[in-house]
There are 2 protein chains.
Amino acid sequence: MSRSNPRVLSTLERAGGFASAQEVYRLMQREGESIGLTTVYRALQSLVNDKIVDVLRREDGEAIYRLCGEAHHHHLVCKSCGDTVEIEGGAIEKWAKVMAEEHGFREVGHTAEIFGLCGKC
Amino acid sequence: MSRSNPRVLSTLERAGGFASAQEVYRLMQREGESIGLTTVYRALQSLVNDKIVDVLRREDGEAIYRLCGEAHHHHLVCKSCGDTVEIEGGAIEKWAKVMAEEHGFREVGHTAEIFGLCGKC
DNA sequence: GCAGAAATGAAAATGATTTTCATTCCCATA
DNA sequence: TATGGGAATGAAAATCATTTTCATTTCTGC
Ligand SMILES: [Zn+2]
Ligand SMILES: [Zn+2]
Ligand SMILES: [Zn+2]
Ligand SMILES: [Zn+2]
C-alpha cells in the first residue's frame, strides 16, 4: 500500500526539502532518473499520508511538499520565496487544548501556519 | 482602471462574505444576473488589489475571496461528523505577530484550525 | 513457472485560472 | 449630435497543475 517511493523522497531532500511535484519531477528528469509524473504525484501523496512530508500552498495555488521533522512545530513561510522557519507553537498549544475542552471536543490536533514576506523579499 | 464591479462585490457579500470565483459566478447566474466568468475573475482580482477583499486557499488549492472586515476567526472541526464551531483566535493573534516580528517577516497572516471529536461523536 | 496483487506511466480528462481578441460601452470633445 | 479613443466585457481558446484511466510491467507467495 505504501507508495512512498524512496527515490522521490531522496530527490525532495536534495531539493532542499522543499519543492512542488512538478519541480521534483523535472529535477529527477534532469538527473537522468526514469520516472513518470504520475508516480511522483502518488509518492508525494503517500509521503503526506505517512506524515513524512507536509504540504503547503504557494501563492499561486501550486502545492509544495516539504520534509518535516518529527517534533511538533509550526511554520513561518514567506509568501514570495517560500523560505520557511520552523517555530515553536508556544501559546497555541494551550489555546487549542482550552478551546477544545470548552466545546467538549476530545482527541484534538491542530494546524497553525504564519505566512508573510521575509526580510529578503 | 478599477474593475471592482459592484454587482460582484454585492454577490460576495450575499454569499456570506466568503466564496470562490466560480461560486460567485454560479450564484449570479442562478439569480439571473448576466455576467461573464472572466469579468467575475477580474472584479475579484481588482477587489483584492484595492484591499477590499483578501484571498485565501481552500485545501484543494482553489482561491477563495473573503470580504475584509468580516470578523477574523478560527475553526474547531469534528473529524467525524464535520460539525464546526467558530472560535476566537485569542492568544494566537499575538503569537503570530510576535513570531513574525522576531524573524523579520511583514504583511503576515495566519491560519489555525483545531480538529478532534465532538461531544456527539 | 504462475496466478493475482501492486506499481508504473503514458495519455486523456478535469477544473480553475488566464489570455486573446473582437465587440460594446462610455464619455469627452468638435 | 457625431465621432473617436480608451475602458470594460465576455466567449472561446490556451495554460497548467493535478487526477483518472487503463494497459503493461514488476513483484510475491505458492
Ligand atoms: Zn522571502
Ligand atoms: Zn502546535
Ligand atoms: Zn462530531
Ligand atoms: Zn487568527
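What you see is a predicted model; the values in this text were computed from it and never measured. Hydrogens, waters and symmetry mates play no part in the numbers below; they use all other heavy atoms, side chains included.
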> Among residues 11-21 of chain B, which ones have heavy-atom contacts with DNA chain D below 4.0 Å?
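Contacts with DNA chain D under 4.0 Å: none.
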> Side-chain atoms of residues 98-112 of chain B: list all donor-acceptor pairs with protein atoms under 3.5 Å, sequence neighbours left out, distances to 0.1 Å.
residue : atom : partner : partner atom : Å
B:H103  : ND1  : B:M99   : O            : 3.0
B:R106  : NH2  : A:C118  : O            : 3.3
B:R106  : NH2  : A:C121  : O            : 2.0
B:H110  : NE2  : B:H72   : NE2          : 3.1
B:H110  : NE2  : B:H74   : NE2          : 3.3
B:H110  : NE2  : B:E93   : OE1          : 3.2

> Do any pairs count as a salt bridge (charged side-chain N to carboxylate O under 4.0 Å, His left out) and have a residue in residues 45-56 of chain B, sequence neighbours left out, and if so which ones?
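Applying salt bridge (charged side-chain N to carboxylate O under 4.0 Å, His left out) to every pair that reaches into residues 45-56 of chain B, excluding sequence neighbours, yields B:D54-B:R66.
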> For the atom pair CG (A:L76) and CD (A:E86), what is the distance rounded to the nearest 0.5 Å?
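Between A:L76 CG and A:E86 CD, I get 11.0 Å after rounding to 0.5 Å.
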> Can you tell me how far P of D:dA17 sits from CD of A:Q45, to the nearest Å?
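Going from A:Q45 (CD) to D:dA17 (P), I get 17 Å.
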> How is the hydrophobic cluster of B:L56 composed, in terms of its other members, when Ile, Leu, Val, Met, Phe, Trp and Tyr link through side-chain heavy atoms under 4.5 Å apart, directly or indirectly?
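Reading the cluster by chain and number, B:L56 sits alongside B:F18, B:I64.
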> Please identify each residue that fulfils salt bridge (Lys or Arg N to Asp or Glu O under 4.0 Å) with B:E13, with sequence neighbours left out.
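Once residues adjacent in sequence are excluded, B:E13 has no partner under the salt bridge (Lys or Arg N to Asp or Glu O under 4.0 Å) criterion.
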> Does A:A19 have any side-chain contact (heavy atoms from CB on, under 4.5 Å) partners at least two apart in sequence or in another chain, and if so, which?
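A:A19 satisfies side-chain contact (heavy atoms from CB on, under 4.5 Å) with A:L12, A:A15, A:E23, A:V24 only.
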> Whole-Å distance between C:dT8 C1' and A:N5 CG?
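From A:N5 CG to C:dT8 C1': 10 Å.
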> Measure the CZ-CZ distance between A:R57 and B:R57 for me, rounded to the nearest 0.5 Å.
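With rounding to 0.5 Å, CZ (A:R57) is 8.0 Å from CZ (B:R57).
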> Distance-only check: which donor-acceptor pairs under 3.5 Å involve side-chain atoms of residues 30-37 of chain B, not counting sequence neighbours?
residue : atom : partner : partner atom : Å
B:E31   : OE1  : B:R14   : NH1          : 2.4
B:E31   : OE2  : B:R14   : NH1          : 2.9
B:E33   : OE1  : B:R7    : NH1          : 2.9

> Tell me: CZ of A:R3 to P of D:dT25, nearest whole Å?
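Atom CZ in A:R3 sits about 18 Å away from atom P in D:dT25.
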> Roughly how many Å is it from OH in B:Y25 to P in C:dA16, rounded to a whole number?
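Value for this atom pair: 12 Å.
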> Applying side-chain contact (heavy atoms from CB on, under 4.5 Å), can you list everything that pairs with B:E59, at least two apart in sequence or on another chain?
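So B:E59 forms no side-chain contact (heavy atoms from CB on, under 4.5 Å) with any residue.
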> How many angstroms lie between CD1 in B:I87 and CD1 in B:I92, if you round to the nearest 0.5 Å?
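Going from the CD1 atom of B:I87 to the CD1 atom of B:I92 covers 7.5 Å.
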> Which ones in residues 49-67 of chain A lie close to DNA chain D, meaning a heavy atom under 4.0 Å from one of its atoms?
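Output list: A:E62, A:A63.
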> As an exercise, state the distance from CD1 of A:I52 to CG of A:L47, rounded to the nearest 0.5 Å.
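Answer rounded to 0.5 Å: 5.0 Å.
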> Would you please name every residue forming a side chain to side chain donor-acceptor pair (under 3.5 Å) with A:Q22, sequence neighbours left out?
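With neighbours one apart ignored, the set is A:Y41.
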> To the nearest 0.5 angstrom, please state how far the CD1 atom of A:I114 sits from the OG1 atom of A:T84.
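Between atom CD1 of A:I114 and atom OG1 of A:T84 there are 12.0 Å.
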> Between the two end axes of the helix from C:dG1-D:dC30 to C:dA30-D:dT1, each built from 5 base pairs, what angle do you get to the nearest 10°?
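Answer for the end axes of this duplex: 10°.
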> Short of 4.0 Å, heavy atom to strand atom, which residues of residues 28-42 of chain A count as contacting DNA chain C?
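Of all residues in residues 28-42 of chain A, the ones placing a heavy atom under 4.0 Å from DNA chain C are A:S34, A:I35, A:G36, A:T38, A:T39, A:R42.
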> Can you measure A:R7 atom CZ to C:dG9 atom C1' for me and round it to whole angstrom units?
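Checked: the CZ to C1' distance equals 12 Å.
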